[in-house]
Amino acid sequence: MTLPASSRVNLERFWQTIERSAEIGKGREGGLSRLALSDADKEIRDIFVAWCREDGLTVSVDQVGNIFGRREGQDNSLPPVLVGSHLDTQANGGRFDGIVGVLGALETIRTLNDLGHVTRRPIEIVNWTNEEGARFSPPMLASGCFAGTYPLDWTHTRPSDDGATFGAELRRIGYLGAAPVGGRELDAYFELHIEQGPVLDAEKVQVGVVTHAYTSYGFLAEFKGETAHAGPCAMELRRNALIAAARLLVTVDDLGWDYAATGGKSTGARLAAWPNKAGIISDWAQAICDVRHDDPRAAAVMAERVRRAVGEAAARAGCTAEILDSWNWGGAIFDPEMVSDIRRQAAALGYTHRDLPSQAGHDAYFLARICPTAMIFTPCRNGITHNNNELATREDVEPGLNVLLHSVVARADRQDSH
């Protein structure tokens, strides 16, 4: 049985799930603040699990809280096709980032149920834990653990600003699952996502075919100095860790401007210090930053300049420095065959489409290390994202949802074994 070419998702039903999600963990007007493993994250997880079970899926949760809903296929000895994204948001997040991908995966299943179509391979839909990294660093933490990049014990010990650890919060909200993390064969992974850029909206193109990812490097640097009185302490005796971290972040910002003409970008994302009070010099500080470029060689040079800048910033402030954590992803990571099929499906469905890179980080980056992977982008208004004004309409997401449906089924139904 093949999927009829006329098959389309139920857009109204999908939109109802988007609206229900938008009620949970409200932030600034129109947006969400649903940080990973918060009470709001538990609430949307509970609803997602209930939806999965209502639609006949077998639900499992692994030891880092990733939620899987499995729909059996005709031959369950074959590896499953995995589809999903994330339900957590930034502190000032929108209603669509990641959420469209998870609920779009659910709508794919619901549409197949409506049609009575059982794919040759099983299909699993997934909600990845802590994609944003807004509460526990680094981003894409649980998908990275699933892919074998981060050890399980290390993942469980990641701290949040409120003193909680990743593992303890999983246990607190009831999502410290029993299933092993990763280590199993997957046929493929698909991720639908809003573009998080202005190209599709500006060009009025309905579907983005993601060909590759910007190469990105991120760093968590720690500086140690010595507290002293802000008045009497002579300038040449000061060891101000806050200043060292601030110098690093300014240097990183300047670095982005150095490469801006060729599309390079850099971000000083976070500065934390202690005591961080008036009248006293801070003896401890941490800074998080990242650099990105479409050219992997340029990105590598930018990253090396950041590494040098850490030591230089510390020396100038009389402090010591250590890079506690670093991460790297991106490049030519997506499966050419899957990318080509997404392009074909978009054309067959009559949608305008174009190739473009992903500039943000996604769970798909880690999945690409262990199985064939591809992404589909939908437009978002003016490219605004990680912001409560993030906006995508029914009309914006419908083409991408239908391309996801047909691409997933084509992959799950194919007869070859590779």
*Minimum heavy-atom distance Gly65-Arg45, with the two atoms named*: O-NH1, 2.8 Å
*Examine Arg158 relative to Trp154 and say whether NZ or CZ is less than 6.0 Å from the centre of the six-membered ring and inside a 45° cone about the ring axis.*
yes
*Hey, would you say the Phe146 and Phe68 ring centroids sit under 6.0 Å apart?*
yes
*Is Glu29 atom CD crowded by more than 12 heavy atoms from other residues, nucleotides or ligands, each under 6.0 Å away?*
no
*Passes side chain to side chain donor-acceptor pair (under 3.5 Å), Glu390 versus Thr385? Steps please.*
CA-CA 5 Å; Glu390 178 182 279; Thr385 185; 2.6 Å; yes
_Sidechain-backbone polar pair: Thr129 side chain, Ala142 backbone, donor-acceptor under 3.5 Å_ = no
_Arg110 to Trp51, cation-pi by 6.0 Å centre distance and 45° axis angle_ = yes
_If you apply the rule side chain to side chain donor-acceptor pair (under 3.5 Å), what do you find for Asp41 with Tyr175, and how did you get there?_
CA-CA 10 Å; Asp41 189 27; Tyr175 280 90; over 6 Å; no
*Would you say the side chain of Asp114 lies within less than 4.5 Å of the side chain of Arg13, judging by non-hydrogen atoms?*
yes
_Using a 3.5 Å distance criterion without hydrogens, assess whether the side chain of Glu222 forms a donor-acceptor pair with backbone atoms of Gln286._
no
*For side-chain contact (heavy atoms from CB on, under 4.5 Å), just list the numbers for Leu367 and Ser143, CA-CA rounded to whole Å, side-chain angles, deciding distance to a tenth of an Å, and then say yes or no.*
CA-CA 7 Å; Leu367 271 293; Ser143 58; 4.1 Å; yes
*Aromatic rings His193 and His86: how do their planes relate, parallel, tilted or perpendicular, breaks at 30° and 60°?*
tilted
*Arg121 pairs by salt bridge (charged side-chain N to carboxylate O under 4.0 Å, His left out) with which of Asp187, Asp75, Asp413?*
Asp187
_Tell me whether Asn127 contacts the main-chain N or O of Leu87 through its side chain, where contact means a donor paired with an acceptor under 3.5 Å._
yes
*With no hydrogens and no angle check, is any side-chain donor or acceptor of Ser33 less than 3.5 Å from a backbone partner on Asn92?*
no
_Side-chain heavy atoms of Val64 within contact of His156, under 4.5 Å_ = yes
_Intermediate values then yes/no, side chain to side chain donor-acceptor pair (under 3.5 Å), Asp254 and Thr251_ = CA-CA 5 Å; Asp254 289 342; Thr251 299; 5.5 Å; no
*Could you tell me whether the side chain of Trp327 reaches within less than 4.5 Å of the side chain of Pro139, counting heavy atoms only?*
yes
*Look up atom CZ in Arg95 and atom CD1 in Ile194, then write down how far apart they are to the nearest 0.5 Å.*
10.5 Å
*Could you tell me if the ring centre of Tyr217 sits under 6.0 Å from that of Trp329?*
no
*Pairwise side-chain contact, His293 with Met302, heavy-atom cut-off 4.5 Å (strictly under)*: yes
_Ser358 side chain to Ala360 backbone, donor-acceptor under 3.5 Å_ = yes
*asked:* I'd like to know if the side chain of Ser38 reaches the main chain of Arg34, judged simply by a donor and an acceptor atom lying under 3.5 Å from each other, with no hydrogens or angles considered.
replied: no
*Under 6.0 Å between ring centres, would you say that holds for Phe366 and Tyr150?*
yes
_Phe219 and Leu324, any side-chain heavy atoms less than 4.5 Å apart_ = no
*Out of curiosity, Ser137 OG to Glu132 CD, how far, rounded to the nearest 0.5 Å?*
12.5 Å
*Are the side chain of Asp253 and the backbone N or O of Ser266 linked by a donor-acceptor pair below 3.5 Å?*
no
*asked:* With rounding to the nearest 0.5 angstrom, report the CD to CG distance, Glu395 to Leu11.
replied: 7.5 Å
*Criterion side-chain contact (heavy atoms from CB on, under 4.5 Å) on Leu192 and Val100, from CA distance to verdict*: CA-CA 7 Å; Leu192 174 72; Val100 165; 3.8 Å; yes
*asked:* Quick one, Asp97 and Leu32 - any side-chain contact, counting heavy atoms below 4.5 Å?
replied: no
*Any donor and acceptor pair, going by atom type alone, linking the side chain of Ser85 with main-chain N or O of Val102 inside 3.5 Å?*
no
*Look at the side chain of Asp162 and the backbone N and O of Ala164, then say whether any donor-acceptor pair between them is shorter than 3.5 Å.*
yes
*Are any side-chain N or O atoms of Ser7 and backbone N or O atoms of Leu3, one a donor and one an acceptor, separated by less than 3.5 Å?*
no
